[in-house]
Amino acid sequence: MRLSRGFIPTIKETPSEAQIASHRLMLRAGLVRQTSAGIYAWLPLGLRVLRNIERIVREEQNAAGAHEVLMPTIQPAELWKESGRYDDYGKEMLRITDRHEREMLYGPTNEEMITDLFRQCVKSYRDLPLNLYHIQWKFRDEVRPRFGVMRGREFLMKDAYSFDVDHAGAVRSYRTMMLAYMRTFQRMGLKAIPMVADTGPIGGDLSHEFIILAPTGESQVYYDAAFESVDYLAGGFRHESDEDLERFFTDITSRYAATEEMHSAEKWAAVPATSQREGRGIEVGHIFYFGTKYTKAMNAAVAGADGKMFHPEMGSYGIGVSRLVGAVIEASHDDAGIVWPDAIAPFKAAILNLKNGDAACDAICEDLYARFGGEALYDDRSDRAGVKFNDADLMGHPWQIVVGPRGAATGKVELKRRATGERVELSVDEAFAKVAG
RNA sequence: CGGGGCGUGGCGCAGCCUGGUAGCGCGCCUGUUUUGGGUACAGGAGGUCGUGGGUUCGAGUCCCGCCGCCCCGACCA
């Protein structure tokens with residue numbers, strides 16, 4: 001994208017409503033604009049990040065054997081009356097009445113709808129296990145939306161639902177998802193720590209929340225430093241292998257990690273002092289096993305091997321996709337702006353033309369821009385260098401390729417790594433290779 | 001939902017107490033200038049002062065209602 005022709009409305013001054021860093025930076029860098037309390041429009045830069053996160057989530061869900069579907073945002077109230085949650089959910093649920101006076105709602109989650117879909121289509125144990133997911137907008141009418149997209153009312157969420165013949169199968173599905181989650185977060189450049197969680201209004205007895213560390217996190221967390229060094233991508237864990245899943249799960253649950261509410265001083269004391277870590281965390285994912293809660297309530301039964309009908313065991317697995325955008329920024333920014341992890345950055349690099357109109361500068365920039373094929377943001381505006389440096393830092397591109405008249409004369413550019421501030425002078429080819437590779 | 005605060009040009013704010021026909025900085029447009037960390041000068045555009053009503057000769061300013069947004073707390077992907 002050429003900045004001069006793009007739509008990235010950055011702002012110099014901090015909007016007064018933004019209290020925390022991610023919210024402030026998302027507004028300033030032109031990622032989102034608020035439409036009403038807790039509801040945001042996503043602008044090109046923010047949307048690219050959202051799509052990148054979505055892509056990684058999707059790839060890992062597919063790799064774990066889940067199938068993508070897309071369920072509607074608007075749901076009929078009848079399904080929720082069947083499960084009993086229509087009355088339980090309270091004012092968080094946005095209720096809508098259509099022209100025929102039918103009661104509808106904007107879905108805050110999809111257990112009822114997926115169970116309905118399941119019972120319509122699945123009739124036999126032979127079709128199990130089954131894991132279906134979708135990435136769809138949800139709405140929860142929070143009393144008090146805040147922190148920008150991290151605690152909005154409308155949010156994009158990946159939610160998966162597993163169906164298994166028995167408890168053992170459900171546990172396997174649960175572990176598979178847990179592994180997929182660790183990989184997903186690792187690919188995004190995040191250190192996520194699974195913590196035993198309260199099961200909350202969804203119910204059940206096996207549940208973990210995935211917390212990423214950031215100074216402004218909403219909850220206090222305690223964990224074993226051993227979590228920080230495990231590599232789930234290269235760790236040799238295969239989804240298809242029960243042994244691997246067992247090893248993975250045992251490994252991960254043997255280490256201590258808990259939020260304040262679930263913290264146990266006794267167990268904490270058992271963690272070696274040198275490995276004790278505490279900090280603030282942001283919840284970016286949550287997984288639950290809840291058995292036959294919905295299959296029973298909604299009578300979703302399939303035939304077993306013995307010909308008798310039974311209610312499959314379920315679990316649900318959520319990742320806050322839009323929340324992650326804010327959470328990543330909370331975990332990765334400095335005074336100058338955002339510092340995107342490479343995997344989810346909106347662009348691989350920004351090309352800064354320090355002297356727009358200079359033949360050598362223009363030629364190098366155009367060449368680089370073409371080579372990146374849309375993966376670079378070209379700052380071709382006729383502003384001063386300082387403006388470009390500041391905007392590039394604010395937007396947080398992992399690399400900045402600085403093309404100025406000084407170096408351009410000899411075919412050199414300056415490559416700056418946003419995260420470290422390190423700058424090196426390189427040839428155009430070297431710079432391109434370093435960023436693209 | 002309890003407590004508090006704020007709505008004045010795109011953004012940040014002053015003006016309100018003590019009514020007299022709207023101002024500052026940034027941004028935006030034009031020109032000149034400048035060109036490696038938010039350049040300088042000159043000119044210019046842009047405002048139903050959230051909204052409805054009331055008081056008054058006169059309301060951004062005073063009074064009442066409503067709406068919106070933000071902050072603290074309780075609650076939550």
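Chain identifiers are assigned alphabetically (A, B, ...) following the order of the sequence lines, protein sequences preceding nucleic acid strands; residue numbering begins at 1 within each chain. Computed over heavy atoms, backbone and side chain alike; hydrogens, waters and symmetry mates excluded.
- At whole-Å resolution of the value, CZ in A/Arg140 and C1' in B/C75 are 12 Å apart.
- Base-pair partner of B/A77: not found among the strands shown (Watson-Crick or G-U wobble, both distances under 3.5 Å).
- Shown here, B/A59 forms no base pair; nothing in the strands shown gives a Watson-Crick or G-U wobble contact with both key distances under 3.5 Å.
- Residue contacts shown for A/Lys388 are absent, as no nucleic acid heavy atom lies under 4.0 Å away.
- A distance below 6.0 Å separates the ring centres of A/Phe118 and A/Phe163.
- One side chain, A/Glu330 or A/Ser22, offers a donor N or O that lies under 3.5 Å from an acceptor on the other.
- Among the protein residues, A/Asp393 comes within range of the nucleic acid bases, having at least one heavy atom under 4.0 Å from a base atom.
- The side-chain tip of A/Arg417 points at the ring of A/Trp399 from less than 6.0 angstrom away and within 45° of straight on.
- Rounded to a whole angstrom, the distance from the P atom of B/A14 to that of B/G31 is 35 Å.
- Atoms CZ (A/Phe139) and C1' (B/C76) sit 14 Å apart, rounded to a whole Å.
- A salt bridge links A/Arg2 with A/Glu366: the closest approach of a Lys/Arg side-chain nitrogen to an acidic carboxylate oxygen falls below 4.0 angstrom.
- No more than 12 heavy-atom neighbours from other residues, nucleotides or ligands sit within 6.0 angstrom of NZ on A/Lys434.
- Using a 4.0 Å heavy-atom criterion, one finds that A/Lys158 contacts no nucleic acid atom at all.
- For the OP1/OP2 pair of B/U35 and a distance below 4.0 Å, the side-chain nitrogens and oxygens of A/Arg384 include no atom meeting the criterion.
- With both ends at atom C1', the span from B/G37 to B/C41 equals 22 Å, rounded to whole Å.
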Listing, residues 400-411 of chain A side-chain donor-acceptor contacts under 3.5 Å, not counting sequence neighbours, or none:
unit_1: A/Gln400; atom_1: NE2; unit_2: A/Asp393; atom_2: OD1; d: 2.7
unit_1: A/Thr410; atom_1: OG1; unit_2: A/Gly407; atom_2: O; d: 3.1

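- To the nearest whole angstrom, the two C1' atoms, one in B/G3 and one in B/G46, are 39 Å apart.
- Seen from the ring of A/Phe248, A/Arg175 does not count as a face-on cation partner, given the 6.0 Å and 45° thresholds.
- A/Tyr133 and A/Asn62 share a donor-acceptor pair across their side chains, judged by distance under 3.5 Å alone.
- When the P atom of B/U35 is taken as reference, atom CG of A/Asn353 falls 16 Å away, rounded to whole Å.
- A salt bridge links A/Glu59 with A/Arg187: the closest approach of a Lys/Arg side-chain nitrogen to an acidic carboxylate oxygen falls below 4.0 angstrom.
- To the nearest angstrom, C1' of B/U34 lies 15 Å from CG of A/Asp358.
- Atom P of B/G20 sits at a distance of 36 Å from the matching atom of B/C29, rounded to the whole Å.
- If you check every strand for non-hydrogen atoms under 4.0 Å, A/Gly357 touches nothing.
- Between the side chain of A/Arg423 and the base of B/G37 there is at least one donor-acceptor pair of N/O atoms closer than 3.5 Å.
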What pairs of nitrogen or oxygen atoms, one from the protein and one from nucleotides 24-31 of chain B, lie under 3.5 Å apart?
unit_1: B/G25; atom_1: N2; unit_2: A/Glu13; atom_2: OE1; d: 2.8
unit_1: B/G25; atom_1: N2; unit_2: A/Glu13; atom_2: OE2; d: 3.2
unit_1: B/G27; atom_1: OP1; unit_2: A/Lys12; atom_2: NZ; d: 3.4

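- Nucleic acid contact for A/Leu354: base, since at least one base atom lies under 4.0 Å from a heavy atom of the residue.
- Proximity of a side-chain donor or acceptor of A/Lys158 to a complementary backbone N or O of A/Arg58 within less than 3.5 Å is not detected.
- We find that CE of A/Met157 is positioned 5 Å from C1' of B/A77, with the value rounded to whole Å.
- Comparing A/Arg33 and A/Gly285 against RNA chain B, the residue whose closest nucleotide sits nearer the 5' end is A/Arg33.
- The distance from atom CD1 of A/Ile364 to atom C1' of B/G36 is 15 Å, rounded to the nearest whole Å.
- Across all strands shown, B/C69 pairs with B/G5; the Watson-Crick or G-U wobble distances both stay below 3.5 Å.
- A residue-by-residue look at A/Pro15 and A/Phe389 shows that A/Pro15 has its nearest nucleotide of RNA chain B further toward the 5' end.
- If you check every strand for non-hydrogen atoms under 4.0 Å, A/Ser322 touches nothing.
- Nucleotides B/A77 and B/G38 are separated by 45 Å at their P atoms, to the nearest Å.
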Indicate for each nucleotide in nucleotides 67-74 of chain B, in 5' to 3' sequence, whether protein heavy atoms under 4.0 Å reach the base (B), only the sugar-phosphate (S), or nothing (-). --SSBBBB

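- Atom CD of A/Glu261 and atom C1' of B/C75 are 12 Å apart (whole Å).
- At the heavy-atom level, A/Glu283 lies under 4.0 Å from the strands shown only through sugar-phosphate atoms.
- With ring centers used as reference points, A/His263 lies under 6.0 Å from A/Tyr256.
- Distance check on atom C1': B/C6 versus B/C49 gives 14 Å, rounded to whole Å.
- Figure legend: cation-pi geometry between A/Arg85 and A/Tyr294 absent, as NZ or CZ is not positioned both under 6.0 Å from the six-membered ring centre and within 45° of its axis.
- Counting any heavy atom pair closer than 4.0 Å across all strands shown, A/Asp159 reaches no nucleic acid atom.
- Atom NZ in A/Lys355 sits about 15 Å away from atom C1' in B/U39, given to the nearest Å.
- The gap from the P atom of B/G50 to that of B/U33 amounts to 43 Å, rounded to the nearest Å.
- Both stacking criteria are satisfied for A/Phe155 over the base of B/A77: a centre-to-centre distance under 5.5 angstrom and an angle between ring planes under 30 degrees.
- The separation of B/U61 from B/U8, taken at their C1' atoms, amounts to 11 Å, rounded to a whole angstrom.
- Using a 4.0 Å heavy-atom criterion, one finds that A/Gly318 contacts no nucleic acid atom at all.
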